[in-house]
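Written out below as structure tokens is the structure these notes cover.
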Amino acid sequence: MEKMRNYFRQSLARQFVLLVSSFLVVFIVGAAALSAYQSSLVSSFEQKKNEIETKMKYAQEVERAFNQAFFDVRGYLAFNRKEFKLSIFREQENAQTALDLLESAATTKEDTQFIVKARQFAQYYFERLVLEAIEAFENGNIQKVLSLSENGGTASIQQFQFQMKTYKQSLNDQLDSAFRQLSSEQQTAQTAFIVFVFSMLFLLIMIARIMTKKIGMPLRALANMAEKIAKDEQVHNDDVVHTAREDEIGKLAQAFRKMLASIQDKEEALMAHNEELLAQQDELELQQTELEQALEAMQARERELKRYNDFIQSLSNSLDRQDVLQSIVFHTARIMEADRGMIVLMNDEKTYASFGLSPYGVEQFLTYVYNGLHQRLFEQKKPFVLKREVAASEKGYHEETMYVHDIFLPVLSNTDDVQAILVFSRFGGPFSDEEVQEYVGLTKQISISLQKIALYEQSEQARETVQHILNTVQEGIHLVDKNGNSKIVNKQMVALLQKESIVELEGASYEQWARGLVEQSDAGKTLCDYLQSIIFNGDEEREPFVYHLPQKRKVIQVYAKPLYRNGERQGTVFVHRDITKEFEVDQMKSEFVSTVSHELRTPLSSVLGFTELMLTKELKPERQKKYLTTIYQEAKRLTALINDFLDVQRMESGKQTYDKKYEDLVSIIENVIETQKVNTTIHQFHVRKETDKTMVLGDRDKLAQVFTNLISNAIKYSPEGGNITVRIYERGNRLCIDVQDEGLGIPEEALPNIFTKFYRVDNSDRRRIGGTGLGLAIVKEIVKAHEGEVSVTSELKKGSTFTISLPLVALANTEEDERDNNEKYAHAHVIIVEDDENLAALLEAELKDSGFRVKLVKEGKEAIELIQKEKPDAVVLDIMLEEHDASGWDVLKALKQNEELAHIPIIISSALEEREKGMALGANSYLVKPYQPSQLSKTILQMLLNKERQGEIFVPLNEEAN
């Protein structure tokens, strides 16, 4: 035992483990006892609860079986259904089974009593009452059934239900009693647990107190001694705590005494050494002062070098002139330790940058830059320094006399010209000669930087000029190096490659720019091979390559030229030219030749065929008339085609002329409709006039040609028939005419090209209809020449609407005046100069039918003599006369040179397309053969009306008039 005590006495850790282990043993034993007691309480309650719940479940099953039997008996007696009767006896079996289960679970006398009563009731109810009631019901003895119910049947059922309810309530009471008992016992257990916890805490406090006494007090004494030693107080060895303990505290006390003795022994040696160290410290402090001064000088030089380095970097970091100037001023001011300064370039713009100056000061400096002190810089080209008294505006809140030092530095170019001047001011002190020489070196660096910027700006300007020139070229231009990397492109090439800006393509590799081009085109690998053979293989003899861009609907021709410098190939220039229009024109021309061949051959075949029949066969008169009518119609068709071609040729060459007069559009449209009605029997024509202002200034024949084309197209492109409506209405100061059909309609993608020459919609339904594709192009040109506009709206399968807009004019007189004038000129005299007898006879008949007196003449000289003699009201003149003594031109010149005959209106009737020449020589109108004879009489009448018209004013409708 003594040995064990010594074992624990020698170590504080062992003593602590012993106390803690004892505490844990007591705690575990007490906690286990309380936990076992708590578990026994819960187990006992769970057992009771399960027994009661089992009995409750079986009791509910008994109750359910009897209640179901009650309902089945009533249902059978009420509805006489066999399934209710069968269910009664099933529920009897269920009730017996439930009672058996309840009996097996019974544990109390009360349970047994209830089971006995329930069995008695079941025997009475099922084996007597139910059987008698069913037998009486089936025998039809309802009175007996009622008697059984009244004589105790209903009372026995109610008594059983009460017993059932009472038994279930007793089970619930048992469950509540068991729960209350559990709660009471758990409260007791919790009280015991609280007492146990407080006991453990008390025991733990006692253990802590014992350990504190054994460890804390000796350690506190040792700490006090250590604190005295730290404060350099006198401590004797006898003052150290003496203890005979064998544990760590005893060992620590013995070690502390030894340490104190050692410290006292060495203190004297340390004091001597300390004095020596103090002497060394004084010497080190002196050296440190010298080093600090050297360090300050080195740091100042470092800062100065850093400022110079920043200055040099600022000159080379940017090529923007203003940025560089601002950086020069800022970093130079830092190097000079100046308070403000400025640099000005000696260029036309006087570009400058300032530091610490107000806008007024800058403006003053720039205004007088070539005057005063600055002039010294231009003359001597050397820096100089001035000392001056600070002006009142510069003092701020200072009252004493102050001085400022200004330094003026010229920046010289390589030709020794002053290209810039620097001016800086310093309030802190003067500029030394060494500083001035140092700053001169800075100006040389600034000069080099400014020259570099000037060279860069010149190169940038040249580059921008080249780029601008390239951008003005309509072709896409692309320069690539030997490796295919992009170097120079213009805007057209950027758009072709579907990029946002030129920057995206500058420096792009071959794969980057070629991929986008190849993916867009339909040429694919062929285009890729073409580019590679030129760029990488140097194939300079390749022919231009044509590729299509389906998405943009463009056709591009690309050709390449190598770029050489000093005999060495540097790269390749590709030119992408948009030949879409040329391609389309070629296609349209090819298609036009095919179409024209068809359109011309068809009527020619009819003319030749019917003419051959009439020449080779004897035909009846009616058959001859029919054939002649067909020949006439086909000839008219050929004439219309030829006129279309000639009109297009004149319009393209700018030789088309117009004889504009004031015309009523309604009459023109009605005449066109009457003419077109003969070509169809399945169309209905409607003219909707929504305004009375229908006068325009125009060429009646050309306007009739416009509406003939539009209405004939409406007929052709509505092959199933339908309504063709011409609507005339005002819109502002313009007269609008809509030509609407109910035909095939025009695809949306074809609308932009519908007025293009030779263009035809690519559709089989329309191809069968035929046509040259010139009609709408002629319509657009004629309307444009009349200062009008034409547009179209269309919807497939529903029809199209062509809208023409022309300037309006208003007729200020009445139609009765015009009729009076027509009567006035009813017997006007007209001379026809025509060498073709048949045409002359036709024109004579037409004019006589219109009320004119007519004379014919074939030769030019004879015509001049007759006209001088009779002085007619009008002359119809053919240019190409058979007799060559005088041509039609000679007759026209002779008449216009004769003052007595110059006023006579002259209408040229010729197959030559020389309207401009005729009108220039003085002709009043020009009719191109063949033309309708009625057109001649209308033209002459219109001329005579305009010649001496009285009481009529044509007023143009414009915005001012409105």
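- Between the side chains of S327 and D323, no donor-acceptor pair of N or O atoms lies under 3.5 Å.
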#### Entry: Test log, rule side chain to side chain contact (heavy atoms under 4.5 Å, CB included), inputs V696 and H786
CA-CA 9 Å; V696 296; H786 284 76; over 6 Å; no

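- Of the possible polar contacts, one joining the T580 side chain to the V555 backbone as a donor-acceptor pair under 3.5 Å is found.
- A donor-acceptor pair under 3.5 Å is formed between the side chain of D481 and the backbone N or O of N483.
- No donor-acceptor pair under 3.5 Å is formed between the side chain of K382 and the backbone N or O of L409.
- For the residue pair S521/H548, the side-chain donor-acceptor check at 3.5 Å is not satisfied.
- A donor and an acceptor atom, one from each side chain of N490 and Q492, are located under 3.5 Å apart.
- Salt-bridge formation is not detected for the pair K780/E789: no Lys NZ or Arg NE/NH1/NH2 atom is positioned less than 4.0 Å from an Asp or Glu carboxylate oxygen.
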TODO: Test side chain to side chain contact (heavy atoms under 4.5 Å, CB included) on V792 and T803 and set out the steps.
DONE: CA-CA 6 Å; V792 60; T803 301; over 6 Å; no

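- A perpendicular orientation is assigned to the rings of F431 and H405, their planes being inclined by more than 60° (bins at 30° and 60°).
- With respect to R577 and E582, a salt bridge is recorded, a charged nitrogen being found less than 4.0 Å from a carboxylate O.
- Under 3.5 Å, the side chains of D433 and Q437 contain no donor-acceptor pair of N or O atoms.
- Using cut-offs of 30° and 60° on the angle between ring planes, the pair F574 and H576 is tilted.
- Remark: side-chain polar atoms of S794 are paired, donor with acceptor, to backbone N or O of I746 under 3.5 angstrom.
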Atom pairs and distances, side-chain donor-acceptor, residues 284-293, under 3.5 Å, sequence neighbours left out:
residue : atom : partner : partner atom : Å
E285    : OE2  : Q281    : NE2          : 3.4
Q288    : NE2  : E292    : OE2          : 3.2
T289    : OG1  : E285    : O            : 3.0

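- More than 12 non-hydrogen atoms from other residues, nucleotides or ligands lie less than 6.0 angstrom from CD of E349.
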In a table with atom names and distances, give each donor-acceptor pair under 3.5 Å that connects a side chain of residues 358-367 to protein atoms at least two apart or in another chain.
residue : atom : partner : partner atom : Å
S358    : OG   : G361    : N            : 3.2
T367    : OG1  : E363    : O            : 2.7

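- Taking the ring axis of F384 as reference, the NZ or CZ atom of R376 stays within 45° of it and closer than 6.0 Å to the ring centre.
- With hydrogens and angles left out, the side-chain atoms of T472 and H468 include no donor and acceptor closer than 3.5 Å.
- Residue pairs meeting the salt bridge (charged side-chain N to carboxylate O under 4.0 Å, His left out) criterion with at least one partner in residues 494-514, sequence neighbours excluded, do not occur; the list is empty.
- Atom CD of Q322 is surrounded by more than 12 heavy atoms from other residues, nucleotides or ligands within 6.0 Å.
- Among K387, R426, R388, the single residue meeting the side-chain hydrogen bond (donor to acceptor under 3.5 Å, both in side chains) criterion with D406 is R388.
- The number of heavy-atom neighbours closer than 6.0 Å to NZ of K381, taken from other residues, nucleotides and ligands shown, is above 12.
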